[in-house]
Amino acid sequence: MNEQKRYFSRELLSWYRANRRDLPWRRHSNPYYTWVSEIMLQQTRVETVKPYFERFIALFPTVEALAEAPEEEVLKAWEGLGYYSRARNLQAAAREVKAQYGGSIPDDKAKVSALKGIGPYTAGAIMSIAFNRPEPAVDGNVMRVLSRYFRLHDDIAKAGTRAHMEHLAQELIPEGCASEFNQALMELGALVCMPKSPACLPCPVMEHCAGRIAGEELMLPVKTKAKPPKPELRYAAIVEGAGEHAGKVLVRQRPDTGLLARMWELPHLLAPKTGGLLDLREEEAMEALRHGMQSEGVRLKPIGHWTDAEHTFSHIHWQMRVYRCVIEDTSSGIAGGKYAWIGPEEMERLAFPNLFLRLLHAYFAERRQNG
DNA sequence: AACTCGGGGTA
DNA sequence: TACCCAGAGTT
């Protein structure tokens, strides 16, 4: 190994020992904490994860507790965090760990990698952080740091690049210090070698950083940009209950797979296309909503426009127009367990994506004010 | 290799 | 606005 690499490992480790953040999942050495935190941290910032992690561990303190919990409670604990398959995969894996390994996460990379929701990065993170095994844990942070320090122009959006980075990252791990070193690499990316404005002056390895020396720290890493989310106009119904359902609204559970799987939502549908024009007149929109809901067995009458809402996912942008509706025919009932009438109390048990969480809170707040 | 899967922070 | 974030699973 050359001097640039030895310098990097030595100085980074030393810097980390003096600058490591006090994070909830670092307070105790517990492979379950490492596991839960790493799943939550996928594509999610540290500050966002902190309160979720605290609540999650309080609710499900051990692998067994998580394995034995109802899935709805796990989804509810994940509400608002996004990428909800992470929560379902985490619990499925916890059940596997309980059944196959007596509740202890195996100190074995192949077995850890085989668990649901654990890919190359998370397997490396668990093996290194929890068990101090010299495995690379290459995420976006690490690829950015390595791209800059070694001045690598490989496109980090390409799959092949990660393999190269993993080889390099593994080589850099100091003997017996995998846990600290891998966390140091990510800590540097988060605190110093940031995406937009890297703080090179206080950086512990700036002296031999090839990217900075070449004046390329702002152009690295090279990454092809993602295509913009596809816009979708949607019509949603806020259905006000009457009679025994007074004060409640109609909600619907999403299918078992796909976007927001098994989460609850306001009933809504994709607006029919109108010969190139995306927008419809108000009456036509309400008719489309009535007709679409009727085909699902829900007979309702839109009364008028209530509010608009927008929400952007990674690949879709929803523009949602929400209409006040009343139920037309309660005698037919709402078929299946897919629909439910809920008030503010029932809301506390069902898991909603943030878009609908905000709409429901706004609606119930409005009801409390207007009576 | 490309697409699917949330939500929010930040410049 | 645009980009990014302690990525994984599916096709």
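If you're wondering where the values come from, they're calculated on a predicted model, not measured in any experiment. Proteins get letters first, then strands, A, B, ... in listed order; numbering begins at 1 in each.
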Visitor: Could you tell me whether W25(A) contacts a base, only the sugar-phosphate backbone, or nothing, with contacts defined as non-hydrogen atoms closer than 4.0 Å?
Guide: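 Base, at least one base heavy atom under 4.0 Å.
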Visitor: Let's see if you can work this out: which of dG7(C), dC5(C), dA8(C) has an atom nearest to the side-chain heavy atoms of P120(A)?
Guide: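 Among dG7(C), dC5(C), dA8(C), the one nearest the side chain of P120(A) is dA8(C).
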Visitor: With nearest nucleotide decided by heavy atoms, which residue, S197(A) or G160(A), maps closer to the 5′ end of DNA chain B?
Guide: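 The residue mapped nearer the 5' terminus is G160(A).
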Visitor: For the P atoms, the ones on dT11(C) and on dG6(B), what distance do you get once it is rounded to whole angstrom?
Guide: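 My reading of the P atoms in dT11(C) and dG6(B) gives 15 Å.
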Visitor: So which nucleotide from dG6(B), dA6(C), dC3(C) ends up closest to the side chain of Q43(A)?
Guide: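 Of all the options, the side chain of Q43(A) is nearest to dG6(B).
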Visitor: Let me spell it out: for each of G258(A) and N354(A), pick the nucleotide of DNA chain B with the closest heavy atom. Which residue's pick is nearer the 5' end?
Guide: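 Closest to the 5' end, via its nearest nucleotide, is G258(A).
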Visitor: Quick one: which of dC5(C), dA6(C), dG6(B) gets closest to the side chain of P195(A)?
Guide: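 From the listed options, dC5(C) comes nearest.
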Visitor: Output the rounded distance in Å from CG (L90(A)) to P (dA6(C)).
Guide: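 Checked: the CG to P distance equals 19 Å.
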Visitor: When you check the side-chain N and O atoms of T161(A) and D154(A), is any donor under 3.5 Å from an acceptor?
Guide: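 Side chains of T161(A) and D154(A): no pair found under 3.5 Å.
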Visitor: What integer distance in Å separates H315(A):NE2 from dC4(C):P?
Guide: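 Atom-to-atom, H315(A) to dC4(C), this comes out as 19 Å.
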Visitor: Does P228(A) reach a base, just sugar-phosphate, or nothing at all? Heavy atoms under 4.0 Å.
Guide: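 The answer is nothing, as P228(A) stays clear of every strand by at least 4.0 Å.
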Visitor: Going by atom types alone, do N141(A) and R144(A) pair a side-chain donor with an acceptor below 3.5 Å?
Guide: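 There is such a pair (donor and acceptor under 3.5 Å, judged by atom type) between the side chains of N141(A) and R144(A).
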Visitor: How far does the P atom of dG8(B) sit from the matching atom of dG9(C), given to the nearest Å?
Guide: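 To the nearest whole Å, 24 Å.
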Visitor: dG6(B), dC3(C), dG8(B): which one has an atom nearest the side-chain heavy atoms of R86(A)?
Guide: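 Out of dG6(B), dC3(C), dG8(B), the nucleotide with an atom closest to R86(A)'s side chain is dG6(B).
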Visitor: Say you pick atom P in dA6(C) and the same atom in dT4(B); how far apart are they, in whole Å?
Guide: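 Going atom to atom, P in each nucleotide, I get 24 Å.
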Visitor: Given dG8(B), is OP1 or OP2 found less than 4.0 Å from the side-chain N or O atoms of R358(A)?
Guide: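 Affirmative; the distance criterion is met.
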Visitor: Looking at dG7(C), dG7(B), dG9(C), which one has an atom nearest to any side-chain atom of N89(A)?
Guide: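 Nearest to the side chain of N89(A) among the choices is dG9(C).
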Visitor: Whether H311(A) contacts dG7(B) is assessed here as follows: a side-chain N or O lying under 4.0 Å from the phosphate OP1 or OP2. Is that the case?
Guide: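 Looking at the OP1 and OP2 atoms of dG7(B), one of them is under 4.0 Å from a side-chain N or O of H311(A).
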Visitor: Compare the minimum distances between each of dA6(C), dG6(B), dA11(B) and the side chain of Y121(A), then state the nucleotide with the smallest one.
Guide: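 Between dA6(C), dG6(B), dA11(B), the one nearest the side chain of Y121(A) would be dA6(C).
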Visitor: Could a donor-acceptor pair under 3.5 angstrom be found where the side chain of T48(A) meets the base of dG8(B)?
Guide: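 It does not, because no donor-acceptor pair links the side chain of T48(A) to the base of dG8(B) below 3.5 Å.
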Visitor: Any N or O donor-acceptor pair linking the side chain of T44(A) to the base of dG6(B) at under 3.5 Å?
Guide: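 By the distance-only test, yes, there is a pair.
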Visitor: Could you check which of dG7(C), dG7(B), dC4(C) has an atom nearest any side-chain atom of T122(A)?
Guide: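 Nearest to the side-chain atoms of T122(A), counting from C-beta on, is dG7(C).
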Visitor: Taking the same atom, C1', in dC5(B) and in dC5(C), what whole-Å distance lies between them?
Guide: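 Result for the C1' pair: 15 Å, nearest Å.
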Visitor: Please state how far atom CZ in F313(A) lies from atom P in dG8(B), giving the value in whole angstrom units.
Guide: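 Spelled out: CZ on F313(A) to P on dG8(B) is 11 Å.
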Visitor: Could you check how far CG of L259(A) sits from P of dA8(C), rounded to whole Å?
Guide: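 Interatomic distance, CG of L259(A) to P of dA8(C): 20 Å.
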Visitor: Within the 4.0 Å heavy-atom criterion, would you say I156(A) contacts the bases, only the backbone, or no part of the nucleic acid?
Guide: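 If one applies the 4.0 Å heavy-atom cut-off, I156(A) turns out to touch nothing in the nucleic acid.
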Visitor: Give a yes/no on whether any side-chain N or O of T312(A) is located under 4.0 angstrom from OP1 or OP2 of dG7(B).
Guide: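 Checking T312(A) against dG7(B): no side-chain N or O falls below 4.0 Å of OP1 or OP2.
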Visitor: Taking 4.0 Å as the cut-off, does a side-chain nitrogen or oxygen of Y84(A) come that near to OP1 or OP2 on dG7(B)?
Guide: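 Affirmative; the distance criterion is met.
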Visitor: Does Q42(A) put a side-chain nitrogen or oxygen below 4.0 Å from OP1 or OP2 of dA6(C)?
Guide: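 Looking at the OP1 and OP2 atoms of dA6(C), neither is under 4.0 Å from any side-chain N or O of Q42(A).
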Visitor: Any chance the rings of F356(A) and W264(A) have centres within less than 6.0 Å?
Guide: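 No - the distance between ring centres of F356(A) and W264(A) does not fall below the 6.0 Å cut-off.
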Visitor: Quick one: pull up CD in Q319(A) and CZ in R234(A) and give me the separation to the nearest 0.5 Å.
Guide: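 Here the interatomic distance stands at 12.5 Å.
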Visitor: When you compare the side chains of E216(A) and H153(A), does any donor N or O come within less than 3.5 Å of an acceptor on the partner?
Guide: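 Result is yes, a qualifying pair exists.
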Visitor: Determine whether the side chains of Q42(A) and Y121(A) contain a donor N or O and an acceptor N or O closer than 3.5 Å.
Guide: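 No pair is found: no donor N or O on one side chain lies under 3.5 Å from an acceptor on the other.
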